Amino acid sequence: MAEPGKKGPVYVTTPIYYVNDKPHIGHAYCTILTDTYRRFHRLFGYDTYFLTGVDEHGQKVQDAAKKRGITPQAHCDEMQAHFRNLWPTLHVEPDDFIRTTQPRHEMVVQKALQQLYDKGDIYSDEYEGWYSPWVEKFFTEDELVDGKCPETGKEVYKLKERNYFFRMSRYEEALRQHIMEHPDFLVPEYRKNEVLGFLKKGLRDLCISRPKSRLSWGVTLPFDQDYVTYVWFDALLNYVSAIGLYTDDERFRYWWSGVHHFIGKDILTTHSVYWTTMLLALGLPLPRHIIATGWWLTDDTKMSKSLGNVVNPLDLKEKYGADALRYFLMRAMVIGQDANFSELQMAERYNGDLANDFGNLLSRATKLINKQFGPVIPTPGEYTDDDRALIDAAKALPGLVQDAVASYRIDVAIEEVLKFVRSANKYFNDQEPWAVVKTDKQRAATIGYVALQAAQIAAMLMHPIMPQKTRDMLESLSSKPADTIDAIKWGMLEPGKPFEVLGSLFPRIDLKKLKAQIEKQNEKPKPAQTRPEITIDDFAKLDIRTGKVLSAEPVKGSNKLIRMQIDLGPFGKRQIVGGLGLQYEAQDLVGKTVIVLANLKPRKLFGLESQGMLLAAGEGKVIALLEPDKPVSPGSGIS
RNA sequence: GCCGGGGUAGCCCAGCUGGUCAGAGCGAACGGCUCAUACCCGUUAGGUCGAGGGUUCGAGUCCCUCCCCCGGCACCA
């Protein structure tokens, strides 16, 4: 199955994105990363396969379609284009784009379910919970707000529902062992502890069905026509349905043996626990690698104030080009860690790395040679020691890039290429071919050749990052991207062939203008929105009174709860538990007159009943209790 | 509160298993060059390597305590 001469399979996947989502920088980053990783491995001689796609089942899709008055399928057919059409514009080239509504996928989901059912890993059981008919969802006791539906505030009903469950608990130990024995299973490695911690709490069996009376948009269970498969169980199987599980065993085994799942850190548990136990249950090998990426933070306040990141990063591809966006995303983020996105930082890298160094090397060399010798790649003469120093660096470069990529350090790989480019610029500078040419044409030709050859090598190694721009560069040198890294050799650039002098590949951005623009944007802060309007009658429902704190003590086991006895005068004494511990010392609260929402339904916190709520201003770190500005008796009403 | 990651030059970050580890890039200043996209090249940063202890002949690099940021869990809304 492997193509002759290839090193073996590297099968890369992105998550399948929820079809209702609007594509954002997170989707783009993960997909570009996967594409880049794949392109590098193809260059390194691996047989590669790249899958992405969309997740199309579930409640939200059904709801959205209903709202629009069209079938869920029609809705999906339309929405999936948002993702499918985005990828080419980012120079992402997947081999396959899977949709979970495709028959090839639904067939696999059903077969897998049947297999697990036959094996006894799926069983039926009754589930009891609070059901909200308004949103057609179940909630646990904890999720209820004042005993009402947390989304609508309306009544909920205790309801029993029969459902099917996956015996995940059975595979807990096997999974733990696999994680311990395969240190490179989770990337970065420190994620391992997170997953082991999750396992430590013990795995519970998972509900994997929904009755069609509630949700009909899904894959019907093969052993019970009245139910559909719950979305996550359905969706995860895309990784195996796309490569021929149950239909083409040879193909499936081949690609599956080299699978790399690229995911965001938010779905690490889904992949490292749910998905892996599913695979264990199905008797399939676990993925070779699960790579959890970090987030691009775009609303970090410090960042937005000083550096400006008001723009949608995806829009920047119009301004800077898709390749430049790819470059920045790959260069600026260390896989697994969060990074801040700002246009200014991107522009600085763009100018510094791409325009001034990478693009300029080719530009200065071609223009000089063209002027002196015409648009023909010159023939080098004897190499000097200076030449050889650069040549040695060029020879070492492919190995450095390969090592960096192998350890998921694409940022480092890029930096290695750039270091080389900088040294080539320095070489050109030091050799002064524009002066040498006046006395020694042959020497000038050699310098020109060395510079061009360096540019060609850099372009080839940068091709996985910037496919289009590097192709343009290489084609201008009568060349093309290398098929394998072994082909990237000093001397491959053919003297005598024509070259073309390109215009600026990466036109510089005017940073002064950009900074001014950002400053302007930051000047006009958007007014905050208040909550939806209410009537006086709504307000009248609240019984708010003053109260005096009689006693206060921290709640054991909690880091911020404080238990207080509060005197409400004619309304008696109350116990109220509040989350003030990070702002107030318990003893400082005693004696304070506070404002209490007195008719709030009691609620249990840490096993203690809280009969009301203290009103406080602020949120998060700054919380200030409200106090009347002159003494009033406990129990006074507030209006 | 528990677990993990991080706190290194104005900015972004390298520094693995202790001894050229006190660094690169950007920005800034000065100088050089003019082939090139006001570009490139050179010199210049004296930074208590978050704080305080400790181990050691010697510690960003190991140990302890503490502070701050991020993430996971718990919890809160």
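Each chain gets a letter, A, B and so on, in the order the sequences are listed, and its residues count up from 1. Since the model is a prediction, treat every value here as computed from it, not as a measurement.
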Nearest to the side chain of A:R409, heavy atoms from C-beta on, is which of B:G15, B:C40, B:A36? B:G15
Does A:E181 CD have over 12 foreign heavy atoms under 6.0 Å away? yes
Identify whether NZ of Lys or CZ of Arg in A:K469 sits under 6.0 Å from the centre of the six-membered ring of A:F506 and within 45° of that ring's axis. yes
When you compare B:G53 with B:U17, how far apart are their C1' atoms, in angstrom units rounded to a whole number? 25 Å
Counter-base of B:U20, judged by Watson-Crick or G-U geometry with both distances under 3.5 Å: none
Which base sits across from B:G71 as a Watson-Crick or G-U pair, both distances under 3.5 Å? B:C3
If we call it a pair only when both distances are under 3.5 Å in a Watson-Crick or G-U wobble match, what pairs with B:G31? B:C41
Closest to the A:W434 side chain, choosing from B:G15, B:C33, B:C12: B:C33
What's the closest nucleotide to the side chain of A:R191 if the choices are B:G15, B:G71, B:C39? B:G71
Quantified in whole Å, what is the C1' atom distance between nucleotide B:C68 and nucleotide B:A28? 29 Å
Mind checking A:F428 for me? I need base, sugar-phosphate or nothing, with any heavy atom below 4.0 Å counting as a touch. base
So which nucleotide from B:G72, B:A36, B:U37 ends up closest to the side chain of A:N360? B:A36
Interatomic distance at P, B:C66 relative to B:A22, whole Å: 31 Å
Under 4.0 angstrom, heavy atoms only, what part of the nucleic acid is A:G359 near: base, sugar-phosphate, or nothing? base
Which is true for A:D357 with a 4.0 Å heavy-atom rule: it touches a base, it touches only sugar-phosphate, or it touches nothing? sugar-phosphate
Which of parallel (below 30°), tilted (30 to 60°) and perpendicular (above 60°) describes A:Y37 and A:Y408? parallel
Do A:K319 and A:Y350 meet the cation-pi criteria used here (NZ or CZ under 6.0 Å from the six-membered ring centre, within 45° of the axis)? no
Residue A:R508, side-chain atoms from C-beta onward, closest of B:C39, B:A36, B:C41: B:C39
Could you check whether A:L505 gets within reach of a base, just the sugar-phosphate, or nothing at all, counting any heavy atom under 4.0 Å? base
Tell me which nucleotide, if any, is Watson-Crick or G-U wobble paired with B:U65 when both distances must be under 3.5 Å. B:A51
Distance check, C1' atoms only: B:C49 and B:C3, in whole angstrom units. 26 Å
Say you pick atom C1' in B:A14 and the same atom in B:C33; how far apart are they, in whole Å? 31 Å
Is A:K371 touching bases, backbone alone, or none of the nucleic acid, heavy atoms closer than 4.0 Å? sugar-phosphate
Given B:G42, B:G71, B:C33, which nucleotide is nearest the side-chain atoms of A:K265? B:G71
Same-atom distance (P) from B:G60 to B:U55, integer angstrom: 15 Å
Candidates B:C40, B:G25, B:C35 - which lies nearest the side chain of A:R422: B:G25
Salt-bridge present (A:D510, A:K512; N to O < 4.0 Å): no
